[in-house]
Amino acid sequence: MNATRRQIVRAALAWPVMAAAAPAGAPWPNRPVHLIVVYPPGGVSDAMARTLAEPLAQALGVPVVVENRGGAGGALGMEVLARAAPDGCTLAFSAVSPLTLQPLLAGGPRDLLGSVVPVAGVMNTPVLVAGTPAFSGHSFADLIAQARAHPGAVRWATSGIATSGHMVLAQTRLQSGVDITHVPYQGGGPQINDALGGQFEILSTNVASAQLQLLAAGRLKALAVGAPSRLDALPEVPTLAELGYPQANIGSLFGVFAPAGTPAAVVARLNAEIGRLLASDAVASRLRESHNLPAGGTQQAFVQQIAAERRRNQVLVKRSGGLLD
């Protein structure tokens, strides 16, 4: 077992131990709980965190205050969480990528694998691969054929470096062996605007109502989705796994995290409450409306999912020579 693999295993095994530290002061919760959303306001993750906050506050008997601390793909907000007191009164809502991918990249943020505790998985956000008006093909196979016939000529835009859409592109390039030019953006809004103007041929983006409306209007062409199975909203669109690209069949896993050292009883209570909320009509309907898939499950299952994703990303980074453009 190499050094990096040992680090992952030690950190995964340490999470339950770190969560077992004895609580200090009054019984939890004895004051408002702050939920850090590690992305800017207005996105799908922000909306889901706020959807959870009100019923979670009712369950805990204290206010749950949502605070956006966006930046560096979620790494800044997770750093704030890692430095917070482990008393169960500071949590974060984030994708797992600040733990599973960003620290592996050259110049990436500090590795927080052992500094936070995964509490509960909340949702899986599928990735949509679509063609723009500049794309003359009609399918994912056409995309690969064009890229093979004209190396570097096909441009694929993502919402940024180290996003799930970027990982879909990276795995597609590795599995197919074709040369596709990456066009990274700083967020989804500018990316969509330029897509409609035909500034590139392909984009990977979230499956959301606005994107579905663009597909229905014929302004974008759905080529594939990264998801465990076909989506109810796009039943005719195959998953990347169906198309023969299982390693590229990637979505974004989001969940709730706490600082390392948060008491085990607090982590268990939060996991149970979040699981109950995910099964409620209000939260389940909000997930369906936003075209996300519920995650849930035990804390240990969430820990294992994170460890598995990090191992996959290590292989990807190694195969790409440590550089993902």
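All values derive from a computational prediction rather than experimental measurement. Note that these values count all heavy atoms, side chains included, but never hydrogens, waters or copies made by symmetry.
- Here the side chains of N124 and P228 are not in contact, with every heavy-atom distance at 4.5 Å or above.
- Note that CD of Q175 is 11.0 Å distant from CG of L243, once rounded to the nearest 0.5 Å.
- Considering all non-hydrogen atoms of both residues, S204 and V127 come closest at CB-CG1, 3.9 Å.
- More than 12 heavy atoms of other shown residues, nucleotides or ligands fall within 6.0 angstrom of atom CD in E289.
- In summary, of the residues considered (D87, V64, V62), a side chain to side chain contact (heavy atoms under 4.5 Å, CB included) with P29 occurs for V62 alone.
- Here the side chains of L60 and R269 are in contact, with some heavy-atom distance below 4.5 Å.
- Using a 4.0 Å cut-off between charged side-chain N and carboxylate O, D111 and R310 make a salt bridge.
- Of all heavy-atom pairs spanning D46 and P40, the tightest one is CB-O, 4.0 Å.
- Counting heavy atoms from C-beta outward, L112 and F257 have side chains that stay 4.5 Å or more apart.
- Listed here is the closest heavy atom pair of G198 and R155: O-NH2, 4.4 Å.
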- Message: Evaluate R312 against M167 for side-chain contact (heavy atoms from CB on, under 4.5 Å), listing each step before the verdict.
- Response: CA-CA 11 Å; R312 287 194 299 270; M167 292 303 96; over 6 Å; no

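- Residues K221 and S136 come closest through the heavy atom pair NZ-C, 4.1 Å.
- Classified by interplanar angle (parallel below 30°, tilted 30° to 60°, perpendicular above 60°), the ring pair F140/Y245 is perpendicular.
- In plain terms, the two heavy atoms of G88 and V33 that are nearest each other are O-CG2, 4.0 Å.
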- Task: List the steps, then state whether side-chain contact (heavy atoms from CB on, under 4.5 Å) holds for T132 with D194.
- Result: CA-CA 9 Å; T132 76; D194 283 0; over 6 Å; no

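- Paired with R110 under the rule side chain to side chain contact (heavy atoms under 4.5 Å, CB included), one option of S115, P98, P103 passes, and it is S115.
- Looking at heavy atoms from C-beta onward, H182 lies in side-chain contact with L169 at the 4.5 angstrom threshold.
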- Query: S252 and T125: side-chain hydrogen bond (donor to acceptor under 3.5 Å, both in side chains), yes or no, with the steps?
  - Reply: CA-CA 5 Å; S252 293; T125 300; 5.6 Å; no

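- Between I192 and L214 there is a side-chain heavy-atom pair separated by less than 4.5 Å.
- Summarising the local packing, CZ of R69 is surrounded by 12 or fewer heavy atoms from other residues, nucleotides or ligands at distances under 6.0 Å.
- Ring geometry for F254 against F93 counts as parallel: the plane angle stays under 30°, on a 0 to 90° scale with 60° as the upper cut.
- Remark: of the listed residues V256, L81, V38, V116, V38 is the sole one forming a side chain to side chain contact (heavy atoms under 4.5 Å, CB included) with S94.
- Closest approach of S97 and A162 over heavy atoms only: CB-O, 4.2 Å.
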